[in-house]
Every structure is written in structure tokens, then in C-alpha cells.
> 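This is the structure I have questions about; it appears just below.
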Amino acid sequence: MNEDGATAGTHGDGSALADGDAPALPDDRDAVREALTAWYEDDHRDFPWRRTEDAYEILVSEVMSQQTQLDRVVPAWEAFLDEWPTIEDLAAADRSEVVAFWSSHSLGYNNRAKYLHEAATQVLEEHGGTFPETPEELQELMGVGPYTANAVASFAFNAGDAVVDTNVKRVLHRAFAVPDDDDAFERVASLLMPEGESRVWNNAIMELGGVACGTKPRCDEAGCPWRRWCHAYETGDFTAPDVPEQPEFEGSRRQMRGRAVSVLGEFDELTLDELGPRVRVDYAPGGEYGREWLRGLVEDLADDGLVDVEGDGEEATVRLRA
């Protein structure tokens, strides 16, 4: 038992939970688990990707959801799957069309579309069209990092580890006084997840963070199932780990990149001065948002493998890379 009166727990692999990782975590872990899963299964947000176990559809949703609000993801996800219903369809698509779709739906950095297209090709060529199932194997796909790999393994195959995202950190910090330390969050999240139930558990704990334990907590309104144990609910201290705010999209460089790619999807080739006014209405060749600014923007896109830039000055031309 540690100095706060809570016993040290263990991971599924048997390693000890360090003293101080979760000083407010109660001894009855099963009751904590059962309360959360029952709350989730009784009522949760009905996102369409929660109704499928298709790894391709789930991967698309996870990539789209990176720094994009879920209510904006739903129509984009449905339209994407209408256009490319299977991974074979996506792999066979022209990459510029996939990138143009991404831009037109304001889904953030266009290299995600490029990587998703390349990952589809990998699944076909390296895995015979069958998705790998473990987080380690999924990370070998282009653009798939540890979080996305674990999410796909969990939601498609029920074979993932405990997911630790911003919502989960906030929940664990408030409920069980877990310190703002990534290793501690990982240890506690792993301890709490019931073995072999990553699909339901990871959905449930992220739902708790998204619905009941957001930046402004809604403990009673959302019927939070952990109120009886929650350190924050007991003390009234709802502080949470600092999380950088996402930059405003409107007028951002990210938005301008997307506009440039979208415009180039409609033309074979444009000079900088032809492209500029289509990206910014205040474009002026010698102004703050002029030729030099636009050249930097398209060279960033070229570095990401999305466009080709040829020539200098007013004669410079830009086209989508085939």
C-alpha cells in the first residue's frame, strides 16, 4: 500500500504499478471497469465507424479524425467511402484525386491523403489485400503511427492495447489523480483495460472524455459512471493536463495549402500569378501575400510530394504531381 492508502496494482504483463501513478484509484478495479462499460453500452454517440469492424473503414475514420472535429468527419468519411468503397478501389485511384478530395473537405494536412493512398497500396502488395491485425504490424503502413495503429487494432480486431489520447489523459488525471506524466498514463490505462476487450473499453473511455469529462465537465448531466470514485468530483478541482489548442483553421497556412491543391486539381498547370488569386483574394505579386509567399507555400507542398514547381519568378509554374 502506498502513502496515499492505495495499493499498487499490476499491468496485464505482471509489472508493478508504481506508487503515486494513481493515488485515487480504488481497490475494486472490476467495479470501475463494469461501471464504465455498462454506461457506454447503454448509450453512446452513434458515429458510423462504430458500426463496422472493417479495418479499411476504421483506418479512414482514424486518419480523418486527426485534429478534425468528428461532426465534420462524418460526411467526409461517408463521401470518401462512396468514392472508394474498398481498399482495392483506393489503391487503384489517382493520388491527385484523393488529395483533391481531402482538400475539398477541409481535412487538414494533405500528406495524410497521400499516406493513406500509399498505405492502401502496401496492404495489397505486401499483405495480399488482408490488413495486418496487431499494432506493431499496422505501424509498418505508411503514415500510421502508434496511436492510429492501436486504434485500428482495437476497433477492427479487438487486439489493441489501451488507447491513451487527450481525452483519456484528462479522465485519468481527474478521476484517479494520475500525474501529468506519459508513462504514468500508459501504466494506469493498461492496468484498467480488461484483457481482450480493447474494442469496447477504448471506445468507452474515449467517449467518457468526449461526453462527460471534456474541458468543461458535465458529470451529472452526462451521468458519469465514475462519479462515486472520482477525485475531481469529490474535491471540485477539475484541472487537467495542459493541451495545446489547435490553431484556427480559417485563414491558416493549412487552409491555404488545401486551397492550392484543390485549385491545381482543376487545371493541368498554373503560373504562380494565376494560382495566387485563386488561393487568396488579396494576392498581389509584390505584396505580403504575393509571389514570394506563394512560392514558399508550393515548395512546402513539393517537399511533401504533392506538387511539382518549375521555373523562377513570374514564369514559375505549378502542377499536381502525378
Side-chain angles (χ1 to χ4, degrees), residues 21-26 32-51 58 61-77 106-108 147-148 150-151 154-155 160 162-182 184-193 198-250 252 254:
D21 275 351
L25 186 63
V32 170
R33 297 180 183 112
E34 290 165 7
L36 178 59
T37 54
W39 173 82
Y40 175 77
E41 290 174 341
D42 181 60
D43 184 30
H44 58 260
R45 292 172 296 177
D46 187 28
F47 295 119
W49 47 84
R50 286 181 170 171
R51 302 194 296 267
I58 290 169
S61 75
E62 288 296 328
V63 174
M64 285 187 174
S65 299
Q66 295 170 13
Q67 296 183 318
T68 303
Q69 293 178 343
L70 295 182
D71 59 350
R72 286 174 50 204
V73 172
V74 172
W77 182 83
S106 301
L107 289 168
Y147 173 82
T148 300
N150 193 38
S154 294
F155 305 140
V163 164
V164 180
D165 69 351
T166 300
N167 282 332
V168 173
K169 290 179 180 180
R170 186 189 312 115
V171 166
L172 296 179
H173 181 81
R174 285 175 173 167
F176 307 126
V178 178
D180 186 5
D181 175 81
D182 287 347
F185 285 127
E186 293 281 353
R187 285 191 291 267
V188 177
S190 178
L191 166 72
L192 284 174
M193 188 183 79
S198 62
R199 177 182 291 126
V200 170
W201 179 261
N202 286 329
N203 267 319
I205 196 167
M206 289 193 294
E207 183 79 351
L208 187 64
V211 171
C213 199
T215 304
K216 295 181 178 179
R218 300 176 58 251
C219 315
D220 296 320
E221 303 95 310
C224 175
W226 283 355
R227 283 171 293 179
R228 59 179 288 195
W229 302 289
C230 180
H231 176 73
Y233 193 74
E234 179 182 357
T235 64
D237 179 5
F238 287 93
T239 56
D242 291 333
V243 179
E245 293 185 5
Q246 183 180 348
E248 290 291 332
F249 180 72
E250 189 63 34
S252 68
R254 181 159 58 101

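We use all heavy atoms of the structure for the numbers below, so side chains are in, but hydrogens, waters and symmetry mates are not.
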> How far apart are the closest heavy atoms of H173 and P179, and which atoms are they?
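What the structure gives for the nearest pair is ND1-C, 4.3 Å.
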
> Could you tell me if the side chain of R227 sits less than 4.5 Å from the side chain of D220, heavy atoms only?
yes

> Quick one: CG on L25 to NE2 on H231, what's the gap to the nearest 0.5 Å?
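Going from CG on L25 over to NE2 on H231, the span is 13.0 Å.
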
> Side-chain contact test, heavy atoms from C-beta onward, threshold under 4.5 Å: evaluate it for F185 versus D21 and give yes or no.
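F185 does not reach D21 side chain to side chain.
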
> Is it true that atom CD of E234 has more than 12 heavy atoms of other residues, nucleotides or ligands lying nearer than 6.0 Å?
no

> Walk me through whether L70 and W49 qualify under side-chain contact (heavy atoms from CB on, under 4.5 Å).
CA-CA 11 Å; L70 295 182; W49 47 84; 4.0 Å; yes

> For residues C219 and F238, determine if any side-chain heavy atom of one lies less than 4.5 Å from a side-chain heavy atom of the other.
yes

> Can you tell if the side chain of V164 reaches within under 4.5 Å of the side chain of Y147, non-hydrogen atoms only?
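V164 vs Y147: side chains apart.
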
> What side-chain donor-acceptor pairs closer than 3.5 Å can you find for residues 203-214, not counting sequence neighbours?
from: N203; atom 1: OD1; to: R50; atom 2: NE; distance (Å): 3.4
from: N203; atom 1: ND2; to: R199; atom 2: O; distance (Å): 3.3
from: E207; atom 1: OE1; to: R45; atom 2: NE; distance (Å): 3.1
from: E207; atom 1: OE1; to: R45; atom 2: NH2; distance (Å): 3.0
from: E207; atom 1: OE1; to: R50; atom 2: NH1; distance (Å): 2.9
from: E207; atom 1: OE1; to: R50; atom 2: NH2; distance (Å): 2.9
from: E207; atom 1: OE2; to: R45; atom 2: N; distance (Å): 2.8
from: E207; atom 1: OE2; to: R45; atom 2: NE; distance (Å): 3.3

> For residues R72 and L107, determine if any side-chain heavy atom of one lies less than 4.5 Å from a side-chain heavy atom of the other.
no

> Salt bridge or not for K169 and D180, using N-O below 4.0 Å?
no

> Does any part of the side chain of W201, heavy atoms only, come nearer than 4.5 Å to the side chain of V163, both counted from C-beta?
no

> Are L192 and L172 close enough that some pair of their side-chain heavy atoms sits under 4.5 Å apart?
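Of all side-chain heavy-atom pairs linking L172 with L192, at least one is under 4.5 Å.
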
> Kindly give the heavy-atom pair with the smallest separation between P26 and V32, and that separation in Å.
CG-CG2, 3.6 Å

> Which pair of non-hydrogen atoms, one from N150 and one from A162, has the smallest distance, and what is that distance?
ND2-O, 3.4 Å

> Between T37 and E34 (side chain of the first, backbone of the second, donor and acceptor by atom type, cut-off under 3.5 Å), is there such a pair?
yes

> How far apart are the C-alpha atoms of F176 and W226, what are their side-chain angles, what is the distance that settles it, and do they pass the ring-ring contact (aromatic ring centres under 6.0 Å, His included) test?
CA-CA 10 Å; F176 307 126; W226 283 355; 5.0 Å; yes

> Give me the atom names and distance for the closest heavy-atom approach of M64 to A76.
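Smallest interatomic distance, heavy atoms only, reads CE-O, 3.6 Å.
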
> Quick one: closest heavy-atom pair of D181 and A184, and the distance?
OD2-N, 2.8 Å

> Which heavy atom in A222 sits nearest to a heavy atom in W39, and how many Å separate them?
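Nearest pair, atom of A222 first, then W39: O-NE1, 3.1 Å.
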
> Taking R174 first and then D237, would you say they form a salt bridge - that is, a charged N and a carboxylate O separated by under 4.0 Å?
no

> Any donor-acceptor pair under 3.5 Å linking the side chain of N202 with the backbone of S198?
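Checked: pair present.
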
> Taking the side chain as every heavy atom from C-beta outward, state whether E62 and F155 have any atom pair closer than 4.5 Å.
yes

